[in-house]
Amino acid sequence: MIVYLNGKFLPLEKAKISVLDRGFIFADGVYEVIPAYDGKLFRLTEHLQRLENSLNSIKLSNPLTEAQWIEILETLIAKNSGTNQSVYLQITRGPAKRNHNFPEQVIPTVFVMSEELKSSPPTNGMKAITCNDTRWQNCDIKSIALLANILLRNQAVEIGATEAILIRDGYVMEGAASNIFVIVDNVAITPPKSKFILPGVTRDLILEAMQAAKLPCKEADIPVAQLEIATEIWITSSTKEIIPIIELDGRKIGTGKPGVVWSQVWEIYQNYKQQLFFND
Ligand code: PDD
């Protein structure tokens, strides 16, 4: 695997950073995950905009211009194998003597890697559990500080489920690494953007695509009780696309199989990906 680190493309084994890097010491950094289909980055503008927002939130200026980012990302995809790839990029506040204060001279660390993204065939769905959302109040920042998310995800995995659905003050927020949609009375509902969820690029695309297809959908708060009456539940992310949850806390959702609205939206999503190739 070839990765990018601070201006250089090099084999993964050769990529080294200081143990004093604030990413390592404090998780002081942000990241993005961008899918690339057949060498073409999907929804790149939206991912770079969210990166800019995350950097602004942690008061770190973007070390690269948009043109430089595109050049790096495209070069890295070309250097790695896989028709479809998942690109991971991370920026930290860089190496400095350990001190909670921001260092005076910041030389951010920029790291990018790309791995093969297995194409997602129509799925049989996944199991999930609900968990109390133990994360902080800045979940809109795509922070590399993911300890709460990984502990929550692990709770799900330990009991044979795949994702943890996070509940804050009686309302459904999102998954440990995904956004959520529930279908209630034939309307797809996803929580509005706030400090308590990551503004998912896939989430936005699904809303846009459903509106264009005149399928009923809306952004609204989801009281936890709606999980009991939902006929479908989906989780969404750049790498997983749209996955139906067929069992929640050991209880079947709908028929216990991927729902009809899910399969319609899944088709539409695949068409959007195809459009990438026609828009050249
Ligand atoms: N995670 N919410 C959280 C907490 C996430 O970590 C993610 C994605 C999403 C979905 O966002 P998007 O549709 O833009 O991928 C929502 C990535 C994939 C990850 O951490 O690997």
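Both counts, for ligands and for their atoms, begin at 1 and track the order of listing.
Judged by distance alone, the side chain of Gln275 and the main-chain N or O of Tyr272 form no donor-acceptor pair under 3.5 Å. Listed for the Glu232 side chain is no donor-acceptor partner under 3.5 Å among the backbone atoms of Ile183.
Close placement of the Tyr31 and Tyr88 rings is indicated, their centers lying within 6.0 Å of each other.
For Lys59 and Phe102, the positive end is not near the middle of the six-membered ring at less than 6.0 Å and at most 45° from its axis.
Closest heavy-atom contact between Ile197 and Pro192: CD1-O, 3.6 Å.
Dense packing is recorded around CG of Asn99, with more than 12 heavy atoms of other residues, nucleotides or ligands lying under 6.0 Å away.
Near ligand 1, residues Tyr31, Val33, Arg50, Arg135, Lys142, Asn149, Glu174, Gly175, Ala176, Ala177, Ser178, Asn179, Leu198, Gly200, Val201, Thr202, Thr236, Ser237, Ser238, Thr239 come within 4.0 angstrom through at least one heavy atom.
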